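Heavy atoms only: backbone and side chains are in, while hydrogens, waters and symmetry mates are out. Predicted model only: the values in this text are computed from it and were never measured.
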Amino acid sequence: MPVNVVFGAGGPTGLECVKRLLAVSTDPVRAVVRDPAAHGDKLRQAAGDATSRLQVVAGDVTDPDSLTAALADAAGVIFAASGKGYWSAAAVDSQGVKNVADAAKAAGNVSRVVLVSSMLTHPSNRLHPIRVLLNNIRWSLMDNKFKGEEALRSSGLSYTIVKPGGLTNAPGGTVQLRADVDATREVGAGSISRADVAAVCVEALTNAKASNKALSINGTKQPLAEGQGLDGEITRLFGTI
């Protein structure tokens, strides 16, 4: 049976991707984390009644040898991993993306890879104060995120790069979303909830319109219409790309 795989499932955005996949698909979900013992209980609690479809497995995007088993029978792949140490960006956000792309291509069964990146990664934004700040919070973070994007673009795989603005832990499905396609210099870098980002990532796994595109996404100040809900907003959003 095909499996959807989430790398970085122990982080807050990856966890939301796992929850969304379990909510909208009947396929099994493989949550890949460095230490299943540290994250397993949290992931199983988030899965709720769908625990039987959740697989929590060990894998490390910086270790290519660990990726073959993680990608066995994979159909869709979401890369939501992010390094934690000051010097981690080159290994995770750049080389880690390439490692996963190479392993997914070798597996031969992956239909699409969705990468969670960030707004303002393109070098044309190099003097943007937010980009400068993020590049210094973790050494060359944004430079390495852009290298990771380029590695995925050149991999030969079907891909979507999701580039959110500032991430929040607010509930999803409360405001309208905006997506700019293949933007190099985004207009404004607002905020968006991780749950909304996850919904975009999951839709991008199978939506034909998302193939080989970069989507810069933000929340707006416009509330959703009564009764519309997150599913309706995702349908509306993808109709605009």
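Comment: R20 engages D231 in a salt bridge, judged by a side-chain N to carboxylate O separation of less than 4.0 angstrom. A salt bridge links E149 with K163: at least one charged nitrogen is closer than 4.0 Å to a carboxylate oxygen. Between K105 and D102 no salt bridge is recorded (no basic side-chain N to carboxylate O distance below 4.0 Å). A salt bridge does not link K147 with D93: none of the charged nitrogens is closer than 4.0 Å to a carboxylate oxygen. We find that K145 and D143 are not joined by a salt bridge, their nearest charged nitrogen and carboxylate oxygen being 4.0 Å or further apart.
Put simply, I78 and Y159 are part of two different groups of oily side chains (I, L, V, M, F, W, Y) that touch within less than 4.5 Å, one to the next. If you chain together hydrophobic residues whose side chains sit under 4.5 Å apart, L15 and V116 fall into the same group. A single hydrophobic cluster is seen to contain both V57 and V5, as judged by linkage of ILVMFWY side chains at heavy-atom distances under 4.5 Å, directly or through other members.
Side chain of Q228 to backbone of A225: a donor-acceptor contact under 3.5 angstrom is found. Side-chain atoms of N125 do not come within 3.5 Å of backbone N or O of T121 as any donor-acceptor pair. Between the N4 side chain and the V29 main chain, no donor and acceptor come within less than 3.5 Å of each other.
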Under the criterion side-chain contact (heavy atoms from CB on, under 4.5 Å), I'd like the reasoning laid out for V3 against M1: C-alpha separation, chi angles, the key distance, then a yes or no. CA-CA 6 Å; V3 178; M1 179 179 291; 5.8 Å; no
Residues R138, S82; criterion side-chain hydrogen bond (donor to acceptor under 3.5 Å, both in side chains); working and verdict: CA-CA 11 Å; R138 228 184 317 141; S82 185; 2.8 Å; yes
Q176/L224 under side-chain contact (heavy atoms from CB on, under 4.5 Å): CA gap, chis, key distance, verdict: CA-CA 6 Å; Q176 288 187 7; L224 295 186; 3.9 Å; yes
Assess the residue pair R53 and D27 against the criterion (side-chain contact (heavy atoms from CB on, under 4.5 Å)); give the C-alpha distance rounded to whole Å, side-chain angles, the decisive distance to 0.1 Å, and a yes or no. CA-CA 7 Å; R53 291 190 284 114; D27 292 336; 6.0 Å; no
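The closest side-chain heavy-atom distance from C17 to R194 is not below 4.5 Å. Side-chain contact check for N212 versus S158: some heavy-atom pair is nearer than 4.5 Å. In this structure, the side chains of T206 and R112 stay at 4.5 Å or more apart for every pair of heavy atoms. In this structure, Q222 and V175 have side chains that are not in contact, with every pair of non-hydrogen atoms separated by 4.5 Å or more. With contacts defined as side-chain heavy-atom distances shorter than 4.5 Å, the pair V56/H39 does not qualify. At least one side-chain heavy atom of N218 sits under 4.5 Å from a side-chain heavy atom of M119. Using a 4.5 Å heavy-atom cutoff, the side chains of I192 and T168 are not in contact. For the pair V200 and L177, the minimum side-chain heavy-atom distance is below 4.5 Å.
A side-chain donor from one of N99 and Q95 sits under 3.5 Å from a side-chain acceptor of the other. Of the N and O atoms on the side chains of T51 and R44, not one donor lies less than 3.5 Å from an acceptor on the other residue. For R131 and S118, the side-chain atoms include no donor-acceptor pair closer than 3.5 Å.
Classification of the H122-F146 ring pair by plane angle, with boundaries at 30° and 60°, yields perpendicular.
Across all non-hydrogen atoms, the minimal contact from P28 to P2 is CD-O, 3.3 Å.
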